[in-house]
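Here's the structure we're looking at; comments come further down.
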Amino acid sequence: MMRPRHFKNLLLSCLTTAALVGTTAMSSAAADYLSVTKDGVNLRSGPDTKYEVIYQLPQNYPLKVLSKKGKWIKIEDYEGDKGWIYETLVRPSSHVIVKVKEANVRSGPGTKETKVGTVAKDVILRVEQRQGKWVKVSHPQIKGWIFANLVWP
């Protein structure tokens with residue numbers, strides 16, 4: 001299986017590139033979490049294009065905001081990797097990423113609900129709704145509920 005750090009250097013597979021995209025721009029108030037707006041966005045070691053590209057991030061990849069410097073945002077991902085991204089390349093997040101090897105997706109918010117499928121680590125899912133410790137997610141290949149501890153954020 002491909003390590004997540006190596007995964008970031010590649011564009012998404014057909015599963016994750018097919019995720020729905022919104023075009024909402026980042027608001028002037030800093031959001032706690034952002035998502036990447038398109039495939040292949042550079043994550044840099046500092047707040048300028050002169051800094052080294054650390055990774056290329058896939059579309060809808062969720063990121064946590066740490067700070068801001070001008071139009072650059074310092075972020076952290078679910079693995080704790082940090083870097084800088086230009087503000088027009090992210091938007092308020094409506095996505096989560098699977099952080100475990102495999103997670104069940106269910107027809108409703110509970111372990112007694114019917115299993116409708118599974119998703120693998122690093123698959124990005126669109127958040128439709130949150131209910132308690134459950135998240136209703138959608139993806140071109142699957143829709144349903146996933147336990148919140150299995151995804152980030």
Side-chain angles (χ1 to χ4, degrees), residues 1-103 105 109 119-153:
M1 174 153 190
M2 193 178 311
R3 292 279 307 141
R5 292 183 190 281
H6 299 294
F7 173 81
K8 291 177 196 167
N9 291 323
L10 302 174
L11 296 179
L12 291 172
S13 69
C14 62
L15 282 177
T16 52
T17 55
L20 298 173
V21 180
T23 56
T24 307
M26 185 178 136
S27 67
S28 58
D32 290 335
Y33 292 92
L34 303 172
S35 292
V36 177
T37 60
K38 62 183 182 176
D39 276 332
V41 168
N42 293 331
L43 180 66
R44 296 187 176 274
S45 61
D48 196 296
T49 55
K50 68 183 177 187
Y51 288 93
E52 173 189 4
V53 174
I54 302 170
Y55 302 116
Q56 285 192 324
L57 300 173
Q59 185 172 4
N60 299 322
Y61 195 83
L63 302 164
K64 180 180 179 181
V65 175
L66 299 177
S67 64
K68 191 170 180 181
K69 184 175 183 179
K71 294 189 180 273
W72 289 86
I73 302 167
K74 186 172 185 180
I75 60 83
E76 180 178 41
D77 73 2
Y78 82 102
E79 297 172 299
D81 293 327
K82 296 176 178 81
W84 292 85
I85 194 165
Y86 197 69
E87 72 178 3
T88 60
L89 300 173
V90 290
R91 65 177 174 277
S93 185
S94 59
H95 293 85
V96 293
I97 189 167
V98 179
K99 64 181 186 177
V100 296
K101 184 177 178 182
E102 186 176 87
V105 178
V119 287
K121 186 172 183 166
D122 292 325
V123 171
I124 297 168
L125 304 163
R126 181 173 182 77
V127 175
E128 302 294 335
Q129 178 184 347
R130 291 183 183 263
Q131 182 178 321
K133 294 183 179 184
W134 290 84
V135 183
K136 186 175 184 182
V137 296
S138 65
H139 188 278
Q141 282 78 28
I142 196 165
K143 291 181 183 185
W145 292 83
I146 191 166
F147 191 62
N149 287 352
L150 306 177
V151 295
W152 185 89

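All values below come from the heavy atoms of this structure, side chains included, with hydrogens, waters and symmetry mates left out.
The line from NZ of Lys143 to NZ of Lys136 is 8.5 Å long, rounded to the nearest 0.5 Å. Rounding to the nearest 0.5 angstrom, the gap separating the NE2 atom in His139 from the CD1 atom in Ile124 is 8.0 Å. Between Lys74 atom NZ and Lys68 atom NZ the span is 16.0 Å, to the nearest 0.5 Å. Put simply, CD on Glu87 and NZ on Lys71 are 4.5 Å apart, with the number rounded to the nearest 0.5 Å. To the nearest 0.5 Å, the span separating CG on Leu43 from CD1 on Ile73 amounts to 11.5 Å. To the nearest 0.5 angstrom, Leu66 atom CG is 10.5 Å from Asp32 atom CG.
The heavy-atom pair separating Ile54 from Gly83 by the smallest distance is CD1-CA, 4.2 Å. The two atoms that bring Ala120 and Val98 nearest to each other are O-CB, 3.4 Å, heavy atoms only. Taking each heavy atom of Phe147 and Lys133 in turn, the nearest pair found is CD1-O, 3.4 Å. Listed here is the closest heavy atom pair of His95 and Pro153: O-CD, 3.8 Å. Here the shortest heavy-atom pairing between Tyr33 and Trp152 reads CE2-CZ2, 3.7 Å.
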Given Leu57 and Leu63, is the side-chain contact (heavy atoms from CB on, under 4.5 Å) satisfied, shown in steps? CA-CA 10 Å; Leu57 300 173; Leu63 302 164; 4.1 Å; yes
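Looking at heavy atoms from C-beta onward, Gln129 lies in side-chain contact with Trp145 at the 4.5 angstrom threshold. Side-chain contact between Tyr78 and Pro62 is absent, with no heavy atoms from C-beta onward closer than 4.5 Å. With a 4.5 Å cut-off on side-chain heavy atoms, Arg130 and Val96 count as touching. Counting heavy atoms from C-beta outward, Ser67 and Trp84 have side chains that approach closer than 4.5 Å. Taking the side chain as every heavy atom from C-beta outward, Ile85 and Val36 approach each other to under 4.5 Å. Between Val105 and Leu125, every side-chain heavy-atom pair lies at or beyond the 4.5 Å cut-off. Considering only heavy atoms from C-beta on, Tyr61 stays 4.5 Å or farther from Asp122 through its side chain. Residues Thr49 and Arg44 are in side-chain contact: their nearest non-hydrogen atoms beyond the backbone lie under 4.5 Å apart.
Between the side chains of Ser138 and Glu128, at least one donor N or O sits under 3.5 Å from an acceptor N or O.
Just one residue in the list Val151, Leu150, Val119 forms a side-chain contact (heavy atoms from CB on, under 4.5 Å) with Val100, and that residue is Leu150.
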